[in-house]
Student: 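Just dropping this structure here.
Below, all heavy atoms of this structure are taken into account, side chains as well, without hydrogens, waters or symmetry copies. Chain identifiers are assigned alphabetically (A, B, ...) following the order of the sequence lines, protein sequences preceding nucleic acid strands; residue numbering begins at 1 within each chain.
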There are 2 protein chains.
Amino acid sequence: MDNNVTVDDKGKLKCSIEYTLQKIGGKWKTVILWHLSVEGTYRYNELRRLLPGVTHKVLSQQLKELEADGLINRKQYNEMPPKVEYSISERGITLMPLLQEMHKWGTENGEMN
Amino acid sequence: MDNNVTVDDKGKLKCSIEYTLQKIGGKWKTVILWHLSVEGTYRYNELRRLLPGVTHKVLSQQLKELEADGLINRKQYNEMPPKVEYSISERGITLMPLLQEMHKWGTENGEMN
DNA sequence: CGGCATCCGAAACGATACTG
DNA sequence: CAGTATCGTTTCGGATGCCG
């Protein structure tokens, strides 16, 4: 098993596991992806209601990053009032086995306080 | 598919995915576990050399948390000079499928700059 | 409605020095 | 050798207000 951990010239770690963590490590990202994968599509404020505790700024931040990373799609309707729909992307779907593993491990090992 | 996302009375998210993320979300934790799973046992300073860039404090912090979470074992020899060996625990081994998924996804999706 | 800008506090991370 | 203590920095998340 190759561990695939290398280091660049500045001492920074270059590791595919760390790369993955960077993409989904945000506090709400996994949950957002999880919701979108289940339901298919949500509007901005619908997501907000699904994630009690998340603030305005942080939610849009995480959505933006997820979109920038190609993990979700953002569809904007130019209406008044505005309407934006988020859905999981093809690439985001490839994360599902991983999320399921995380969910499985957490369920089997977490005391859930 | 049950999304297994609930909220406690303080608005805090209780979700098995987030639980997993808390356990392995530290900057070096996955890499430490990965190394230990490959090699079996490392001494403190060996790990340090494997993780260029990690500082003294942060490494011992992460090791301490991993140990507290039962994911690694710490064996201390009362010699002079001191000798401490870290190894992966039974519980830590249950994380391997997850780490492999993370590694796989990162390899397939990461540009690795 | 769906943002963005600003400010703030907390937490994570890091550099350095000291210790049994 | 394998840490701990202290301090500083950086990053992340949160509160609030403004805007098209």
Side-chain angles (χ1 to χ4, degrees), chain A residues 7-8 10-15 17-19 21-32 35-36 41-69 72-87, chain B residues 7-8 10-15 17-19 21-32 35-36 41-69 72-87:
Chain A
V7 178
D8 71 11
K10 287 180 219 61
K12 283 282 177 187
L13 213 62
K14 291 177 61 173
C15 160
I17 294 185
E18 287 301 312
Y19 175 83
L21 211 46
Q22 279 167 28
K23 297 306 175 189
I24 63 167
K27 185 164 173 185
W28 306 91
K29 289 183 180 178
T30 49
V31 191
I32 293 170
H35 275 301
L36 290 180
T41 285
Y42 279 113
R43 296 182 60 174
Y44 179 84
N45 271 337
E46 289 174 341
L47 275 175
R48 219 158 92 96
R49 258 169 263 124
L50 286 175
L51 274 19
V54 76
T55 63
H56 219 40
K57 181 197 129 186
V58 173
L59 178 56
S60 50
Q61 229 176 34
Q62 307 258 312
L63 287 170
K64 218 165 153 185
E65 291 175 17
L66 286 170
E67 191 201 356
D69 289 333
I72 62 172
N73 299 128
R74 178 179 184 279
K75 179 162 187 187
Q76 175 168 357
Y77 298 85
N78 285 320
E79 308 171 348
M80 206 52 195
K83 175 178 169 183
V84 178
E85 282 179 349
Y86 292 94
S87 59
Chain B
V7 178
D8 72 11
K10 286 179 221 63
K12 284 280 177 188
L13 213 62
K14 290 176 61 170
C15 161
I17 294 184
E18 288 300 314
Y19 175 83
L21 212 46
Q22 280 167 27
K23 296 307 175 190
I24 63 168
K27 186 165 175 186
W28 306 92
K29 288 184 179 179
T30 50
V31 193
I32 293 170
H35 275 301
L36 290 180
T41 284
Y42 278 113
R43 296 181 60 173
Y44 180 84
N45 272 338
E46 289 174 341
L47 276 174
R48 219 159 92 95
R49 257 170 263 124
L50 286 175
L51 275 18
V54 75
T55 62
H56 224 39
K57 180 193 128 189
V58 173
L59 177 56
S60 52
Q61 226 176 40
Q62 306 256 312
L63 287 171
K64 221 162 150 185
E65 289 175 20
L66 286 171
E67 191 200 356
D69 288 334
I72 63 174
N73 300 126
R74 179 178 184 279
K75 179 162 185 187
Q76 176 168 356
Y77 298 84
N78 284 321
E79 307 169 353
M80 205 54 195
K83 176 177 170 185
V84 178
E85 284 181 349
Y86 291 94
S87 59

Student: Return no unless some side-chain N or O of B:Arg74 is found under 4.0 Å from OP1 or OP2 of D:dA2.
Tutor: no
Student: With a 4.0 Å cutoff (strictly under), does any side-chain N or O of A:Gln62 reach OP1 or OP2 of D:dG13?
Tutor: yes
Student: Got a second to check how far B:Glu65's CD is from B:Trp28's CH2, nearest 0.5 Å?
Tutor: 14.5 Å
Student: Choose from D:dA2, D:dG20, D:dG14 the nucleotide whose nearest atom is closest to any side-chain atom of A:Pro82.
Tutor: D:dG20
Student: I want to verify a distance call: between C:dG14, D:dG3, C:dC1, whose nearest atom is closest to the B:Val84 side chain?
Tutor: D:dG3
Student: Closest heavy-atom contact between B:Ser87 and B:Thr41?
Tutor: CB-OG1, 3.7 Å
Student: Which of these nucleotides, D:dA2, C:dA15, D:dG13, is closest to any side-chain atom of A:Val58?
Tutor: D:dG13
Student: Side chains of B:Leu63 and B:Tyr44, heavy atoms from C-beta outward: is any pair under 4.5 Å?
Tutor: yes
Student: Report the C-alpha separation of A:Leu51 and A:His35 in whole Å, then their side-chain angles, then the decisive distance to 0.1 Å, and conclude whether the side chain to side chain contact (heavy atoms under 4.5 Å, CB included) test is met.
Tutor: CA-CA 10 Å; A:Leu51 274 19; A:His35 275 301; 3.7 Å; yes
Student: Whole angstrom is fine here: how far is it from CE in B:Met80 over to C1' in C:dG20?
Tutor: 6 Å
Student: Grab the CG-C1' distance between B:Leu21 and C:dA12 for me, whole Å please.
Tutor: 14 Å
Student: Could you tell me the separation between the OH atom of B:Tyr42 and the C1' atom of D:dA2, rounded to a whole number of Å?
Tutor: 18 Å
Student: Over how many whole Å does the gap from B:His56 atom NE2 to C:dG20 atom C1' extend?
Tutor: 13 Å
Student: Within this structure, what is the CD-to-P distance between A:Glu85 and C:dC1, rounded to whole angstrom?
Tutor: 15 Å
Student: Looking at the side chain of B:Thr55, which of C:dG3, C:dA15, D:dT4 is the nearest nucleotide?
Tutor: C:dA15
Student: In whole Å, I'd like the distance from the CD1 atom of A:Ile72 to the P atom of C:dG2.
Tutor: 13 Å
Student: Where the side chain of B:Lys57 is concerned, which of C:dG3, D:dA15, C:dG14 is the nearest nucleotide?
Tutor: C:dG14
Student: What contact category does B:Tyr86 fall into here, base, sugar-phosphate, or nothing, at under 4.0 angstrom with non-hydrogen atoms?
Tutor: sugar-phosphate
Student: Would you please confirm or rule out a distance under 4.0 Å between OP1 or OP2 of D:dA2 and any side-chain N or O of B:Arg43?
Tutor: yes
Student: Specify the separation, in whole Å, of atom CG of A:Leu66 and atom C1' of C:dG3.
Tutor: 16 Å
Student: Consider side chain to side chain donor-acceptor pair (under 3.5 Å). Of A:Lys64, A:Gln22, A:Lys23, which one does A:Asp69 pass it with?
Tutor: A:Lys23
Student: What integer distance in Å separates B:Gln22:CD from C:dA11:P?
Tutor: 13 Å
